Amino acid sequence: MRLSRTLAVLTGLALALGFSGACGGGSGGGSGGSGPAQTGVVGKAQQSRKLVIGVKADQPGLGLQTGSRYEGFDIEIAKIVAKDLGVDESGIEWKTTTTPNREAFIQQGTVDLVVATYTINDERKKKVSFAGPYYVAGQDLLVKTDNADITGPEALDGKKVCSVTGSTPAKRIQTEHPKAHLQLFDAYSKCVEALGQGSVDAVTTDDIILAGYAAQPQFAGKFKVVGKPFSTEPYGIGLKKGDKSSCEKINAILTAAASDGRYKAAWDATLGRSGKPAPTLDTSKLTSCE
Ligand code: GLU
């Protein structure tokens, strides 16, 4: 009798401690391992030292797969986050995601995190939570170098413009430029191929993605980015909706990386190789993880 009562008290205490740990603010930084049990992505990382991270596979400079290797700015950001959650590169399983499957992959638990040029917006926030933004892009247009008539989105009427299903740029063309003939694929690389073959007049998505294609050696001199961004695309790190403590922890990691030089190093090793200087990560704009 007495033993079971003691056990009950101890169990209650453990639950209380665990509960307060999961809801506590957390101070960011190291992965710990000795503190109270964590839940969500932070808990998984702590317990298994493994994470499955969804990334793009065909976006040069951001997320590009060559054989089993993934590289790019998103990959470097993902590695920083994983490391501070206690997961080494060897514990990361990279999973290719496409624009339309990111919410489902998070909701179904196919991936723990998504770092994949993933714009934070209210519609997506109904299904997933976002840490970040760690970068702010803008929608732009990619055209053939000799194209002189497509100077901005207002010049797209009657033109064939290619984008990806489920993307924010595709939606913006549908709603704000309905006279453009929108062609949809599941990956931007297919749009770029179509532009090369002349079957579309322009490709639209985030400027930083388009710049990555234009800089590819096989396209040298063929394409240009129009260079007049017409939206704001804040890139977030997607995770399961409601995993607030993990989201806050990731924002704390981004804040630390912005001040200790790791954010700049991630840029310089990837997108920065084109000469574009590293942006400053505005930590005052980080999400409230709601
Ligand atoms: N950032 C935009 C989005 O999340 C376009 C890039 C992409 O499709 O990943 O929809």
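When a ligand or atom number is given, it counts from 1 through the structure's own listing order. The structure presented is a predicted model; accordingly, all values stated were derived computationally and were not measured.
There is no side-chain donor-acceptor pair under 3.5 Å between Glu71 and Thr270. No side-chain N or O of Ser246 forms a donor-acceptor pair with one of Glu248 less than 3.5 Å apart.
Residues meeting the side chain to side chain contact (heavy atoms under 4.5 Å, CB included) test with Ala78, sequence neighbours left out: Ile53, Trp94, Val115.
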Kindly print each ligand 1 N/O atom paired with any protein N/O atom under 3.5 angstrom away, one pair per line, or none if nothing qualifies.
| from | atom 1 | to | atom 2 | distance (Å) |
| --- | --- | --- | --- | --- |
| ligand 1 | 1 (N) | Thr117 | O | 2.8 |
| ligand 1 | 1 (N) | Thr119 | OG1 | 2.7 |
| ligand 1 | 1 (N) | Asp206 | OD2 | 2.7 |
| ligand 1 | 4 (O) | Arg102 | NH2 | 3.0 |
| ligand 1 | 4 (O) | Thr117 | O | 3.2 |
| ligand 1 | 4 (O) | Thr119 | N | 3.1 |
| ligand 1 | 4 (O) | Arg124 | NH1 | 2.9 |
| ligand 1 | 8 (O) | Thr99 | OG1 | 2.6 |
| ligand 1 | 8 (O) | Tyr188 | OH | 2.6 |
| ligand 1 | 9 (O) | Lys56 | NZ | 2.7 |
| ligand 1 | 9 (O) | Thr99 | OG1 | 3.4 |
| ligand 1 | 9 (O) | Arg102 | NH1 | 2.9 |
| ligand 1 | 9 (O) | Thr117 | O | 3.2 |
| ligand 1 | 9 (O) | Thr117 | OG1 | 2.8 |
| ligand 1 | 10 (O) | Arg124 | NH2 | 2.9 |
| ligand 1 | 10 (O) | Thr168 | N | 2.9 |
| ligand 1 | 10 (O) | Thr168 | OG1 | 3.2 |

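The hydrophobic cluster containing Leu156 also includes Leu141, Val143, Ile150, Val161, Ile173, Leu182, Leu184, Val226, Phe230, under a criterion of side-chain heavy atoms closer than 4.5 Å among ILVMFWY residues, counted directly or through chains of members. Residues Phe105, Ile106, Val111, Val114, Tyr118, Ile120, Val128, Phe130 make up the rest of the hydrophobic cluster containing Val52, defined by ILVMFWY side-chain heavy atoms closer than 4.5 Å, directly or through other members.
The aromatic rings of Tyr134 and Phe73 sit tilted, their planes meeting at an angle between 30° and 60°.
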